[in-house]
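What follows is a set of notes on a single structure, which appears directly below.
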Amino acid sequence: QVQLVENGGGLVQAGGSLRLSCAASGRTFSSVGMGWFRQTPGKERECVAAISYRGGRTYYVDSVKGRFTISRDNAKNTVYLQMNGLKPEDTAVYYCAAGRGPFVAVRHSEYDYWGQGTQVTVSS
């Protein structure tokens, strides 16, 4: 069993920055890929960024490339999402997820464990 706890959401003006963190319990953290997803009402959950088990490979959805950075610290069992240049369309609930395997995954069906979500609101 893996428990994930997100922190760092909040309200920020357009152009601002936020850093999300996700602390994981359990000994399997360093052996699985991790992802950040976001969801707005009426829309499907979207993979924003994902990272492989050692951090060597990453994925970003086109809309955040160049603005968001995913990273992980396996010694701290924590994954991060640095969000710069935030836009109102980034407003969503952001979820951290632990994958089923060690590699980058972008479909929510490839993730076994989810955090409770943290709200990010970007005002214009």
Side-chain angles (χ1 to χ4, degrees):
Q1 192 78 4
V2 175
Q3 289 187 322
L4 304 173
V5 179
E6 299 108 334
N7 280 291
L11 173 64
V12 65
Q13 288 188 335
S17 298
L18 284 173
R19 188 194 196 201
L20 305 183
S21 63
C22 173
S25 65
R27 294 180 293 177
T28 62
F29 175 83
S30 62
S31 63
V32 298
M34 298 292 295
W36 285 99
F37 287 72
R38 66 186 178 188
Q39 190 169 25
T40 54
K43 292 189 176 181
E44 290 189 0
R45 196 167 293 191
E46 170 188 51
C47 182
V48 175
I51 190 167
S52 59
Y53 72 120
R54 290 186 177 179
R57 293 193 180 273
T58 57
Y59 161 86
Y60 298 95
V61 69
D62 284 347
S63 59
V64 309
K65 284 180 180 177
R67 300 188 297 123
F68 291 12
T69 302
I70 188 171
S71 62
R72 66 189 297 162
D73 185 340
N74 286 347
K76 295 182 178 179
N77 275 16
T78 302
V79 62
Y80 305 95
L81 185 67
Q82 178 67 43
M83 305 185 293
N84 298 329
L86 282 161
K87 303 175 181 180
E89 51 263 43
D90 295 318
T91 296
V93 177
Y94 283 71
Y95 297 90
C96 168
R100 194 164 297 146
F103 305 117
V104 168
V106 299
R107 293 177 293 192
H108 59 78
S109 61
E110 296 176 288
Y111 288 82
D112 284 336
Y113 300 100
W114 295 83
Q116 80 284 359
T118 185
Q119 177 70 46
V120 171
T121 303
V122 185
S123 63
S124 56

Discussion item. Test of understanding: clusters of I, L, V, M, F, W, Y form through side-chain heavy atoms closer than 4.5 Å, transitively. Do Met34 and Tyr80 belong to the same one?
Written reply: no
Fill in: Distance, nearest 0.5 Å, that separates CD of Gln82 from CG of Leu20
9.0 Å
Discussion item. For a 4.5 angstrom cut-off between non-hydrogen side-chain atoms, does Asn7 reach Thr118?
Written reply: no
Discussion item. Under the rule for side-chain contact (heavy atoms from CB on, under 4.5 Å), what residues qualify as partners of Val12, not counting sequence neighbours?
Written reply: Leu18, Leu86, Val122
Fill in: Pairs meeting criterion ring pair (Phe, Tyr, Trp, His ring centres under 6.0 Å) with involvement of residues 84-109, two or more places apart
none
Item to complete: Name all residues meeting the salt bridge (charged side-chain N to carboxylate O under 4.0 Å, His left out) criterion together with Glu6; count only those two or more places apart in sequence or in a different chain, and write none if there are none.
Response: none
Item to complete: Taking all non-hydrogen atoms of both residues into account, name the closest pair between Leu81 and Ala49 and its distance.
Response: CD1-CB, 4.0 Å
Discussion item. Can you list everything that forms a side-chain contact (heavy atoms from CB on, under 4.5 Å) with Arg54? Sequence neighbours excluded, please.
Written reply: none
Worksheet entry | Distance (rounded to the nearest 0.5 Å) between Arg38 CZ and Arg45 CZ | 13.5 Å
Worksheet entry | From OG (Ser124) to CD (Gln13), nearest 0.5 Å | 9.5 Å
Worksheet item: Got a second to check how far Met83's CE is from Arg19's CZ, nearest 0.5 Å?
Response: 11.5 Å
Item to complete: Please answer whether the main-chain N or O of Gly85 pairs with a side-chain N or O of Arg67 as donor and acceptor at a distance below 3.5 Å.
Response: yes
Worksheet item: Is it true that atom CD of Gln3 has more than 12 heavy atoms of other residues, nucleotides or ligands lying nearer than 6.0 Å?
Response: no
Response to the item:
Shortest non-hydrogen pair, Ala50 vs Val104, comes out as CB-CG1, 3.9 Å
Item to complete: Return each pair, listed once, that meets ring pair (Phe, Tyr, Trp, His ring centres under 6.0 Å) where at least one residue sits in residues 31-63; pairs must be two or more places apart or across chains.
Response: Phe37-Tyr111, Phe37-Trp114
Worksheet entry | side-chain contact (heavy atoms from CB on, under 4.5 Å) partners for Glu89, two or more places apart | Lys87
Worksheet item: Any sub-3.5 Å donor-acceptor pair from Ser30's side-chain atoms to Asn74's backbone N or O?
Response: no
Worksheet item: Among all residues two or more places apart in sequence or in another chain, which pass the salt bridge (charged side-chain N to carboxylate O under 4.0 Å, His left out) test with Arg72?
Response: none
Worksheet item: Going only through I, L, V, M, F, W and Y residues with side-chain contacts under 4.5 Å, is there a path from Val93 to Val48?
Response: no
Worksheet entry | Minimum-distance pair of heavy atoms, taken over all atoms of Ser17 and Asn84 | OG-OD1, 2.9 Å
Discussion item. Under the ring pair (Phe, Tyr, Trp, His ring centres under 6.0 Å) definition, can you give me all pairs with a residue in residues 5-30, not counting sequence neighbours?
Written reply: none
Worksheet, complete the sentence: What one should report as the nearest heavy-atom pair of Ala24 and Leu4 is CB-CD2, 3.5 Å
Worksheet entry | Residue pairs involving residues 53-116 (criterion disulfide (SG to SG under 2.5 Å); sequence neighbours excluded) | Cys22-Cys96
Practice prompt. Name all residues meeting the side chain to side chain donor-acceptor pair (under 3.5 Å) criterion together with Asp112; count only those two or more places apart in sequence or in a different chain, and write none if there are none.
Written response: Arg100
Fill in: Set of side-chain contact (heavy atoms from CB on, under 4.5 Å) partners for Thr40, sequence neighbours left out
Lys43, Ala92
Fill in: Minimum side-chain heavy-atom gap Val32-Tyr113 below 4.5 Å
no
Item to complete: Please report the closest heavy-atom contact between Val61 and Cys47, naming both atoms and the distance.
Response: CB-O, 3.6 Å
Response to the item:
Correct closest heavy-atom pair for Ser21 and Thr78 would be CB-CG2, 4.2 Å
Worksheet item: Other hydrophobic cluster members with Leu11, side-chain heavy atoms of Ile/Leu/Val/Met/Phe/Trp/Tyr under 4.5 Å, chained?
Response: none
